[in-house]
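The figures here come from the full heavy-atom set of this structure, side chains too, leaving out hydrogens, waters and symmetry mates. Just so we're clear, the structure is a prediction, and the values are computed from it rather than from any experiment.
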Amino acid sequence: LSSCNVMITNYVKRGRIEDARKVFDEMPERDVVTWTAMVSGYSQNGKIEEARKLFDIMPERNVISWTAMISGFIQNGKIEEAHVLFDRMPERNVVSWTTMIVGYLQMGKLEYARELFDKMPERNVVSWNAMITAYARRGKLEDACWLFEEMPERNVISWTSMVAGYAQNGRIDEACELFDKMPERNVISWNAMIAGYAQNSRIEDARRLFDDMPERNASSWNSIIAGYVQNGRIEDAQELFDRMPGRNIVSWTAMITGYAQNAQGEDALQIFSKMQEDG
RNA sequence: UAAACACCAGCGGA
């Protein structure tokens with residue numbers, strides 16, 4: 001039973017919902033985890049009606065099943081349906097509340113989300129982070145900051161959200177100050193800071209951070225490359241591009257548009273053919 | 001083994 005559940009989970013993760021369904025159909029017995037995994041799987045693959053169908057006929061539901069269904073509606077832009085279920089569910093936990101709040105935040109209804117946040121019986125670090133991120137993204141940095149200071153504990157996501165918020169709103173020095181104070185950083189924190197510098201024409205600062213990073217992913221490389229491209233430093237971009245391990249479609253496109261914008265149509269075309277050779 | 005949060009990385013789409 002649980003090995004079938006694992007298979008379903010793995011298929012869903014890889015977007016192979018039909019295969020998941022096959023396993024589901026052939027199982028001799030199913031438990032609430034099985035059903036919930038399928039509901040979640042259909043939701044994540046945009047098949048919300050199918051998810052709802054299963055949800056309605058599943059023999060038993062727990063708070064996770066309800067929340068999964070709510071999350072499905074939200075992911076598919078149906079906030080009202082989500083709220084109806086939220087009101088109807090027999091018990092709600094902190095995840096249910098936070099899911100609902102995120103739904104409203106994604107729709108830009110910050111005031112209403114905040115009401116729910118204030119009303120919820122208990123909050124955890126994810127609830128706080130969701131609010132902070134939404135405020136920060138929309139430039140309400142004072143609100144974000146207030147919550148950030150108010151929250152009982154902060155994790156790397158809380159810090160990164162604040163840094164990204166300042167960086168995205170052009171308050172790059174405040175972002176930097178916060179970044180320096182971070183108790184721990186991961187590659188996403190570094191990337192947020194690098195993108196902030198690159199976007200504010202502080203490409204040298206971006207480069208310095210990039211060189212100091214303990215580890216880099218494709219996003220790190222592409223951010224710095226794009227930064228050079230945007231500042232017309234196509235040779236520097238090219239140099240990094242050549243050194244970059246595991247170039248992806250984003251890297252290639254950045255370079256091609258870089259050459260195109262610099263009226264070097266020939267080079268752009270050359271890169272394009274190289275990309276095709278590379279597969 | 002099932003539900004919620006952070007990097008406006010390039011181009012494009014509605």
Side-chain angles (χ1 to χ4, degrees), chain A residues 1-13 20 30-41 43-44 58 61-72 74-75 82 89 92-103 105-106 120 123-134 136-138 144 154-165 167-169 175 179 185-196 198-199 206 216-230 237 241 244 247-258 260-261:
Chain A
L1 175 57
S2 51
S3 65
C4 284
N5 288 346
V6 173
M7 284 180 68
I8 290 181
T9 305
N10 286 333
Y11 278 134
V12 166
K13 273 183 197 148
R30 311 175 181 106
D31 62 10
V32 64
V33 174
T34 319
W35 285 89
T36 306
M38 285 305 300
V39 167
S40 170
S43 302
Q44 284 167 33
M58 62 195 284
R61 302 165 196 88
N62 61 19
V63 63
I64 299 186
S65 327
W66 282 90
T67 307
M69 192 65 243
I70 289 174
S71 174
I74 289 173
Q75 283 164 27
M89 67 195 290
R92 297 169 265 283
N93 64 15
V94 63
V95 178
S96 328
W97 280 92
T98 305
T99 302
M100 207 59 233
I101 288 173
V102 167
L105 292 174
Q106 283 172 359
M120 66 195 286
R123 302 164 192 90
N124 65 14
V125 64
V126 176
S127 331
W128 288 89
N129 287 348
M131 289 301 307
I132 288 178
T133 305
R137 276 195 188 130
R138 299 178 65 100
R154 290 160 277 275
N155 64 14
V156 64
I157 296 188
S158 329
W159 285 89
T160 304
S161 298
M162 289 300 299
V163 168
Q168 285 162 21
N169 288 278
F179 182 80
R185 308 176 183 102
N186 62 19
V187 64
I188 297 186
S189 327
W190 286 87
N191 288 351
M193 202 58 229
I194 289 179
Q199 168 185 102
R216 307 174 183 95
N217 63 15
S219 237
S220 328
W221 284 92
N222 290 336
S223 295
I224 191 84
I225 289 173
Y228 277 125
V229 165
Q230 280 158 20
F241 179 81
M244 173 175 179
R247 285 163 224 144
N248 59 20
I249 183 74
V250 176
S251 334
W252 287 99
T253 314
M255 289 307 299
I256 291 171
T257 51
Q261 278 164 12

message: Please report the distance, rounded to the nearest Å, between CH2 in A/W97 and P in B/rA4.
response: 19 Å
Contact state string [nucleotides 6-13 of chain B, B base, S sugar-phosphate only, - no protein heavy atom under 4.0 Å]: BBBBBS--
query: Whole Å only: how far is the CZ atom of A/R92 from the C1' atom of B/rA4?
result: 16 Å
task: Scan A/T99 against the nucleic acid and name what it touches under 4.0 Å (heavy atoms): base, sugar-phosphate only, or nothing.
output: sugar-phosphate
- prompt: Base, sugar-phosphate, or nothing for A/V102, non-hydrogen atoms under 4.0 angstrom?
  reply: sugar-phosphate
field: Rounded C1' spacing from B/rG12 to B/rC8 in Å
entry: 15 Å
- prompt: CG of A/N5 versus C1' of B/rA3: gap in Å, rounded?
  reply: 15 Å
message: As an exercise, state the distance from CE of A/M89 to CD1 of A/I70, rounded to the nearest 0.5 Å.
response: 4.5 Å
message: Please check: side-chain N/O of A/N124 versus main-chain N/O of A/S127, any donor-acceptor pairing under 3.5 Å?
response: yes
task: Rounded off to whole Å, could you give me the CH2-to-P distance for the A/W35 and B/rA2 pair?
output: 18 Å
Option from A/R137, A/M162, A/R154 for which side-chain contact (heavy atoms from CB on, under 4.5 Å) with A/I132 holds: A/M162
- line: A/N62 meets the side-chain hydrogen bond (donor to acceptor under 3.5 Å, both in side chains) criterion, sequence neighbours left out, with A/S65
Non-neighbouring partners of A/F241 that pass ring pair (Phe, Tyr, Trp, His ring centres under 6.0 Å), sequence neighbours left out: A/W252
- request: Calculate, to the nearest 0.5 Å, the distance between atoms OG and CE belonging to A/S161 and A/M131 respectively.
  value: 12.5 Å
